[in-house]
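Below: the structure, in structure tokens.
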Amino acid sequence: MATKIYITSALEHVEDEVKISGWLYNKTHKGKLIFLMIRDGTGIIQGVIFKNDIPEDIFEKCLHLPQESSLELTGKVVADKRAKGGAELQVKDVKIVQEAQEYPISPKEHGVDFLMDHRHLWLRSSKQHAILKIRHEIIKAARDYFDDLGFTLVDAPIFTPAACEGTTTLFETDYFDQKAYLTQSGQLYMEAGAMAFGKVYCFGPTFRAEKSKTRRHLTEFWMIEPEVAYCDLNQDMDLAEGMVEFIVRRVLKNRQQELEILERDVSLLEKIVRPFPRLHYNEAAKILQDAKADFVYGDDFGGGDETIISNKFDKPVMITHYPAQVKAFYMKADPEQPDHALCVDMLAPEGYGEIIGGGQREDDLDILLKKIKAHNLPEEAFKWYIDLRKYGSVPHAGFGMGIERTVAWICGLNHIRETIPFPRTIYRLYP
RNA sequence: UCCGGUGUAGCUCAAUCGGCAGAGCGGGUGGCUGUUAACCACUAGGUUGUAGGUUCGAGUCCUACCACCGGAGCCA
């Protein structure tokens with residue numbers, strides 16, 4: 001009786017009679033020989049069918065089997081240098097679970113729009129498969145990092161009563177007899193969590209209704225957001241660089257095969273070790289001025305500015321102390337230079353831009369109230385948030401890391417849309 | 001929202017000055033016992049994004065619209 005195996009373990013079953021359940025990835029034939037490339041989600045193996053080994057009608061059926069037909073192959077695993085992966089299946093029996101209709105995605109080239117229209121099928125392709133395996137590894141590593149440090153997962157709500165940051169456009173939705181907004185950050189809720197649990201994080205989707213139309217933007221994306229009580233900016237940066245190093249090391253260790261499929265230059269990832277450079281905003285501004293970039297001191301950095309700065313280093317760069325006016329209301333001002341905020345942005349190398357934004361939060365009740373007023377935010381909606389400064393306020397800090405941008409960087413992709421299973425952009429809500 | 005670009009067979013793209021609508025892949029049929037995006041032969045496949053306009057004649061020129069791509073701003 002053949003034992004059922006997954007393709008990933010095929011090399012452990014050489015000379016065994018096995019059964020593999022999967023889908024037809026590709027096919028070729030030569031006279032009395034048929035080569036079936038089978039994938040099962042764990043890997044790809046070649047099944048070889050000799051006409052004389054198998055009933056005539058099954059041979060004929062396999063000859064005309066469309067791509068992505070679902071099948072169960074039974075046969076012996078043999079080592080063979082001619083096969084990719086070093087082993088192949090000598091097929092003795094084929095059970096066709098379903099003969100597929102003509103499959104739209106051929107192994108040849110396709111355009112982005114066509115592939116995105118077929119995203120539900122495109123996920124089966126080896127490159128997309130590799131990206132999403134790495135995405136999973138990154139998410140798991142990030143969670144393990146915080147879990148191992150004693151953080152508690154405290155999930156933030158998706159429906160929120162008002163803007164978290166006020167500046168950006170929100171998705172509005174009907175919520176019974178009132179309006180609700182889809183969250184654009186879990187951070188304010190994490191501040192409440194940090195005061196209850198000390199060290200917390202959330203991991204969930206966030207929504208931005210801005211009509212951004214670049215390779216770095218989605219309308220729906222995922223963030224992991226830690227928040228720590230009794231924590232200052234420097235400790236916050238220690239936490240952030242530790243996490244990024246941990247994630248990269250984990251991907252290099254567990255996802256070599258996927259990085260190879262993506263033809264990622266891993267030597268660049270191997271350089272991602274602590275400490276990461278830390279630059280004051282003024283130092284970063286100097287780099288831009290020396291590079292004669294079209295940049296005005298006091299402004300936030302644009303995408304091109306970020307690339308100029310990050311290209312000076314082969315590690316992620318942390319830029320601190322942005323002018324307070326370009327940052328959100330909850331950022332704490334630096335006591336030594338009050339027009340600068342105790343904040344940090346981490347820029348990924350190779351021009352991938354900002355992957356982390358964070359900093360120390362305003363913990364003084366009166367200053368916070370003034371800032372809410374200055375930003376024209378509805379004080380009523382922030383009543384609970386203000387409460388946190390009334391009942392045992394402490395210095396605290398945190399950050400948010402964008403999962404998709406991190407995946408794009410680690411995978412070496414030039415567009416963020418392939419880093420999430422079903423991307424949402426201003427022009428795409430399907431599939 | 002602004003700037004630039006693209007839209008032709010199922011897919012990726014050609015089509016010269018405005019003059020017969022084409023190729024490769026994929027599909028179908030046949031051949032081949034070691035293929036890796038196989039190969040060889042034959043074959044089917046078109047409302048040229050939509051609506052107008054100019055012209056003897058429009059895939060090609062003009063106008064509007066639609067869809068998408070790239071970039072800017074905003075941000076993770």
Side-chain angles (χ1 to χ4, degrees), chain A residues 25-37 44-53 59 63-64 66-67 78 80-85 88 90 100-118 122 125-126 164-165 167-170 183-187 204-225 240 294 299-306 322 326-328 344-348 352-358 399-409 414-417 419-420 425-428 430:
Chain A
Y25 190 69
N26 201 1
K27 175 193 71 180
T28 181
H29 52 90
K30 187 171 170 67
K32 292 177 175 138
L33 262 181
I34 304 175
F35 300 94
L36 302 176
M37 302 299 290
I44 295 177
I45 193 169
Q46 166 171 285
V48 185
I49 302 179
F50 286 87
K51 191 171 187 177
N52 298 341
D53 289 353
F59 185 87
L63 211 49
H64 298 284
Q67 191 184 345
V78 294
D80 194 313
K81 280 182 188 159
R82 291 170 297 187
K84 272 184 181 166
E88 64 183 23
Q90 286 180 345
Q101 297 182 21
E102 192 185 325
Y103 192 65
I105 302 177
S106 68
K108 290 279 182 169
E109 59 198 311
H110 297 284
V112 174
D113 195 39
F114 174 82
L115 289 169
M116 276 301 174
D117 278 340
H118 297 84
W122 191 21
S125 304
S126 62
C164 285
E165 311 195 11
T167 53
T168 43
T169 324
L170 293 159
T183 182
Q184 52 185 343
S185 168
Q187 181 210 310
T206 54
F207 307 88
R208 304 280 165 93
E210 287 152 345
K211 295 198 169 176
S212 296
K213 209 176 139 3
T214 79
R215 70 182 73 186
R216 291 208 275 264
H217 289 86
L218 297 168
T219 55
E220 178 181 313
F221 64 98
W222 288 66
M223 277 208 292
I224 190 155
E225 297 176 278
D294 187 17
D299 285 358
D300 204 349
F301 302 127
D305 299 330
E306 290 180 351
Y322 283 69
V326 304
K327 288 291 173 182
V344 57
D345 280 2
M346 188 189 288
L347 307 183
Y352 280 94
E354 184 184 347
I355 53 170
I356 284 176
F399 62 84
M401 181 181 78
I403 297 296
E404 287 75 19
R405 287 188 183 175
T406 305
V407 176
W409 162 49
N414 77 339
H415 203 298
I416 200 171
R417 66 188 155 211
T419 64
I420 187 167
T425 65
I426 57 172
Y427 293 133
R428 181 162 295 280
Y430 176 94

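Order of the sequence lines fixes the chain letters, A, B, ..., with proteins taken first and strands second; residue numbering starts at 1 for each chain. Hydrogens, waters and symmetry mates play no part in the numbers below; they use all other heavy atoms, side chains included.
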Counting the atoms with a prime plus P, OP1 and OP2 as sugar-phosphate, which does [X] contact under 4.0 Å by heavy atoms, base, sugar-phosphate, or nothing?
{"X": "A/Ile356", "result": "sugar-phosphate"}
{"X": "A/Arg428", "result": "nothing"}
{"X": "A/Gly111", "result": "sugar-phosphate"}
{"X": "A/His217", "result": "base"}
{"X": "A/Phe114", "result": "sugar-phosphate"}
{"X": "A/Gln46", "result": "base"}
{"X": "A/Asn52", "result": "base"}

hbond_proxy [X] side chain to [N] base (donor-acceptor, 3.5 Å cutoff):
{"X": "A/Glu88", "N": "B/rG34", "answer": "yes"}
{"X": "A/His110", "N": "B/rC11", "answer": "no"}
{"X": "A/Arg405", "N": "B/rC75", "answer": "yes"}
{"X": "A/Ser212", "N": "B/rC74", "answer": "yes"}

Go through [options] for me and flag the one nearest to the [X] side chain.
{"X": "A/Tyr427", "options": "B/rG26, B/rC69, B/rA38", "result": "B/rC69"}
{"X": "A/Leu33", "options": "B/rG34, B/rA38, B/rC69", "result": "B/rG34"}
{"X": "A/Leu218", "options": "B/rA76, B/rG26, B/rG73", "result": "B/rA76"}
{"X": "A/Lys211", "options": "B/rA76, B/rG34, B/rU1", "result": "B/rU1"}
{"X": "A/Asp113", "options": "B/rU1, B/rC68, B/rC75", "result": "B/rC68"}
{"X": "A/Asp80", "options": "B/rG34, B/rA38, B/rC75", "result": "B/rG34"}

Does the structure show a Watson-Crick or G-U wobble partner for [N], both distances under 3.5 Å? Name it, or say none.
{"N": "B/rC39", "value": "B/rG31"}
{"N": "B/rG73", "value": "none"}
{"N": "B/rG24", "value": "B/rC11"}
{"N": "B/rA67", "value": "B/rU6"}
{"N": "B/rG52", "value": "B/rC62"}

So, is [X] close to the [N] phosphate, meaning a side-chain N or O under 4.0 Å from OP1 or OP2?
{"X": "A/Lys84", "N": "B/rA37", "value": "yes"}
{"X": "A/Asn26", "N": "B/rA38", "value": "yes"}
{"X": "A/Arg82", "N": "B/rU33", "value": "no"}

If the [atom1] atom of [N] is compared with that of [M], how far apart are they to the nearest Å?
{"N": "B/rA14", "M": "B/rC61", "atom1": "P", "result": "14 Å"}
{"N": "B/rA44", "M": "B/rG30", "atom1": "C1'", "result": "15 Å"}
{"N": "B/rU8", "M": "B/rG4", "atom1": "P", "result": "22 Å"}
{"N": "B/rA41", "M": "B/rU48", "atom1": "C1'", "result": "31 Å"}
{"N": "B/rG18", "M": "B/rG26", "atom1": "C1'", "result": "33 Å"}
{"N": "B/rU36", "M": "B/rA51", "atom1": "P", "result": "45 Å"}

Yes or no on side chain to side chain donor-acceptor pair (under 3.5 Å) for A/Glu225 and A/Ser185, after CA distance, side-chain angles and deciding distance? CA-CA 8 Å; A/Glu225 297 176 278; A/Ser185 168; 2.8 Å; yes
Nearest 0.5 Å, please: how far is [atom2] in [Y] from [atom1] in [X]?
{"X": "A/Lys84", "Y": "A/Met37", "atom1": "NZ", "atom2": "CE", "result": "6.0 Å"}
{"X": "A/Arg417", "Y": "A/Thr425", "atom1": "CZ", "atom2": "OG1", "result": "8.5 Å"}
{"X": "A/Glu88", "Y": "A/Arg82", "atom1": "CD", "atom2": "CZ", "result": "6.5 Å"}

Which comes earlier along RNA chain B counting from the 5' end, the contact point of A/Tyr103 or that of A/Lys213, where each point is its nearest nucleotide?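 Between the two, 5'-proximity favours A/Tyr103.
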For A/Pro66 and A/His415, take the nucleotide of RNA chain B holding the closest heavy atom to each; which residue's nucleotide lies nearer the 5' end?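 Whichever sits nearer the 5' end wins; that is A/Pro66.
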What's the shortest heavy-atom distance between [X] and [Y], and which atoms?
{"X": "A/Tyr352", "Y": "A/Asn414", "result": "OH-N, 4.4 Å"}
{"X": "A/Pro66", "Y": "A/Ala100", "result": "CG-O, 3.1 Å"}
{"X": "A/His110", "Y": "A/Pro104", "result": "CE1-O, 3.9 Å"}
{"X": "A/Trp122", "Y": "A/Met116", "result": "CZ3-CE, 3.6 Å"}

Under the criterion of centre distance below 5.5 Å and interplanar angle below 30°, is A/Phe221 classified as stacked on the base of B/rA76?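 Whether judged by distance or by angle, A/Phe221 passes, so it stacks on the base of B/rA76.
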Should B/rC20 be called syn or anti, with syn set as within 90° of 0?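 Anti for B/rC20; the angle lies over 90° from 0.
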